[in-house]
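The structure appears right after this line, and notes come after that.
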Amino acid sequence: MTVLREIRPSLLAADFADLAGAIAAAERGGADTLHCDVMDGHFVPNITFGAVVVAAVHARTTLPLDVHLMVDEPERWLEDFHAAGARVITIHAEGTRHPQRALAEIRRLGCRSGLALNPATPPDALDYLWGEFDEVLLMTVNPGFGGQRLLPAVLDKVAAVSAAANTRGFAVPVVVDGGVDAATIQAAAAHGATAFVAGSAVFGTKDPAAAIRQLRAAVSA
Ligand code: DX5
Ligand code: ZN
């Protein structure tokens, strides 16, 4: 069976004064989605951008947008990000008291629902939520900043979540996010990850389109 593997460049590492250039490079490189990291300065110690910028990105591309909400109480913003053109909206289990309700609302709006776990959150945080989300995102760094090193200890959790998805019969993408580069992507794939967010490994290079192709080649071999 061929496993579909997605490369999802994160705009966090792009030049924010030239998002159009970054989008064009991602398209040339054959990116599967564009990953948009929204940070609120509460859930994580950093602030990035909100729905207005996501809408501007959406207006420039036909690539699906995968919006990663690193915010407290994400339910406050779901409609805005849907209206901005998000295809996937991913919330953090640690950011809401009512993940079930928030995930249901994302689907009701017509988006795919994603559930993210921080590195220290155990995989059983998903136990009563299977079937409620369309993908799971495992942070392989502590969220808030690009350019950190992948935490190898999280790879066991990637394997556990991938096995749980198979056992339960939920064919959801298992997304890894943080420190994914040409050196780490194969280990993540070997542990069961099927979608790969990469910021600095794409936009921190001179040729982001080539970097995307290189990441894809590394997991297609
Ligand atoms: C980090 C973000 C990531 C970030 C990854 O908090 O969620 O999506 O862009 O950046 P790199 O690939 O540089 O680790
Ligand atoms: Zn992210």
Side-chain angles (χ1 to χ4, degrees), residues 2-39 46 48-70 81 84-90 111-112 114 116 134-135 137-141 143-150 155 158 173-221:
T2 323
V3 183
L4 188 66
R5 286 175 167 155
E6 294 179 36
I7 307 296
R8 304 182 175 195
S10 165
L11 290 175
L12 182 64
D15 175 357
F16 281 10
D18 183 21
L19 286 176
I23 293 163
E27 289 178 348
R28 277 200 311 279
D32 293 290
T33 79
L34 279 175
H35 184 84
C36 303
D37 285 306
V38 176
M39 305 185 186
N46 197 5
T48 54
F49 51 79
V52 172
V53 172
V54 171
V57 170
H58 180 59
R60 290 286 185 131
T61 186
T62 52
L63 286 175
L65 303 183
D66 144 32
V67 174
H68 178 193
L69 294 181
M70 286 161 278
F81 285 102
R87 166 81 157 279
V88 181
I89 300 179
T90 295
C111 297
R112 287 169 57 80
D134 300 307
E135 52 183 64
L137 183 152
L138 301 172
M139 288 304 311
T140 36
V141 300
F145 303 94
Q148 304 179 75
R149 294 171 83 98
L150 179 140
L155 294 178
V158 173
V174 177
V175 187
V176 284
D177 185 3
V180 174
D181 59 23
T184 58
I185 195 167
Q186 279 168 332
H191 284 78
T194 56
F196 306 86
V197 175
S200 5
V202 171
F203 294 113
T205 68
K206 283 214 174 66
D207 187 345
I212 293 167
R213 288 187 210 107
Q214 196 187 349
L215 290 172
R216 190 180 299 287
V219 286
S220 306

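Since the model is a prediction, treat every value here as computed from it, not as a measurement.
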Report task. May I have the step-by-step check of salt bridge (charged side-chain N to carboxylate O under 4.0 Å, His left out) for R87 and E135, ending in yes or no? Result -> CA-CA 12 Å; R87 166 81 157 279; E135 52 183 64; over 6 Å; no

Report task. Check whether any side-chain heavy atom of D37 sits under 4.5 Å from a side-chain heavy atom of L11, and report yes or no. Result -> no

Query raised in the report: When rounded to the nearest 0.5 angstrom, what is the spacing between CE in M39 and CZ in F145?
Result: 7.5 Å

Query raised in the report: How close do A188 and V158 get, heavy atom to heavy atom, and via which atoms?
Result: O-CG1, 4.2 Å

Query raised in the report: Heavy-atom distance under 4.5 Å between the side chains of D177 and T90, does that happen here?
Result: no

Requested in this report: Measure across A182 and Q214 and return the closest heavy-atom pair with its distance rounded to 0.1 Å.
Outcome: CB-NE2, 4.0 Å

**Report entry** Sub-4.5 Å side-chain heavy-atom contact between I23 and V57
**Finding:** yes

Query raised in the report: Nearest heavy-atom pair of D134 and P173: which atoms, and what distance?
Result: O-CD, 3.2 Å

Query - Pair D181 + R149: basic N to acidic O under 4.0 Å - result: no

Query - P64 side chain reached by R8 side chain, heavy atoms, under 4.5 Å - result: no

Query - 4.5 Å side-chain heavy-atom contact, V197 and V176 - result: no

Requested in this report: Please report the C-alpha distance between E27 and T61 in whole Å, then the side-chain angles of each, then the deciding distance to 0.1 Å, and finally whether the side chain to side chain donor-acceptor pair (under 3.5 Å) criterion is met.
Outcome: CA-CA 8 Å; E27 289 178 348; T61 186; 2.5 Å; yes

Query raised in the report: Got a donor-acceptor contact below 3.5 angstrom from the Q148 side chain to the G178 backbone?
Result: no

Requested in this report: Using the side-chain contact (heavy atoms from CB on, under 4.5 Å) rule, pick out the option among L137, V67, V202 that qualifies with H35.
Outcome: L137

**Report entry** Least distance between heavy atoms, S200 atom then G146 atom
**Finding:** OG-C, 4.4 Å

Report task. Give the C-alpha distance, both sets of side-chain angles, the deciding distance and a yes or no for side chain to side chain contact (heavy atoms under 4.5 Å, CB included) between L65 and F81. Result -> CA-CA 10 Å; L65 303 183; F81 285 102; over 6 Å; no

Query raised in the report: Can you tell which of L12, V54, T48 makes a side-chain contact (heavy atoms from CB on, under 4.5 Å) with C36?
Result: V54

Query raised in the report: Can you check whether V175 reaches F196 side chain to side chain, under 4.5 Å on heavy atoms?
Result: no

Requested in this report: In sequence, state the C-alpha distance, the side-chain angles, and the governing distance for R28 and D207, and then conclude on salt bridge (charged side-chain N to carboxylate O under 4.0 Å, His left out).
Outcome: CA-CA 10 Å; R28 277 200 311 279; D207 187 345; 5.4 Å; no

Query raised in the report: Side chains of V219 and I7: does their closest heavy-atom pair fall under 4.5 Å?
Result: yes

Query raised in the report: What heavy-atom pair brings T184 and G179 nearest, and what distance separates the two atoms?
Result: OG1-O, 2.9 Å

Query raised in the report: Just how far is it from atom CG of D66 to atom CG of L34, taken to the nearest 0.5 Å?
Result: 8.5 Å

Report summary line: Distance col, row L215:CG vs Q186:CD, nearest 0.5 angstrom, shows 10.5 Å

Report task. Tell me, with the steps shown, if D32 and R216 meet side chain to side chain contact (heavy atoms under 4.5 Å, CB included). Result -> CA-CA 10 Å; D32 293 290; R216 190 180 299 287; 2.8 Å; yes

Query - M70 versus P143, closest heavy-atom pair with distance - result: SD-CB, 3.7 Å

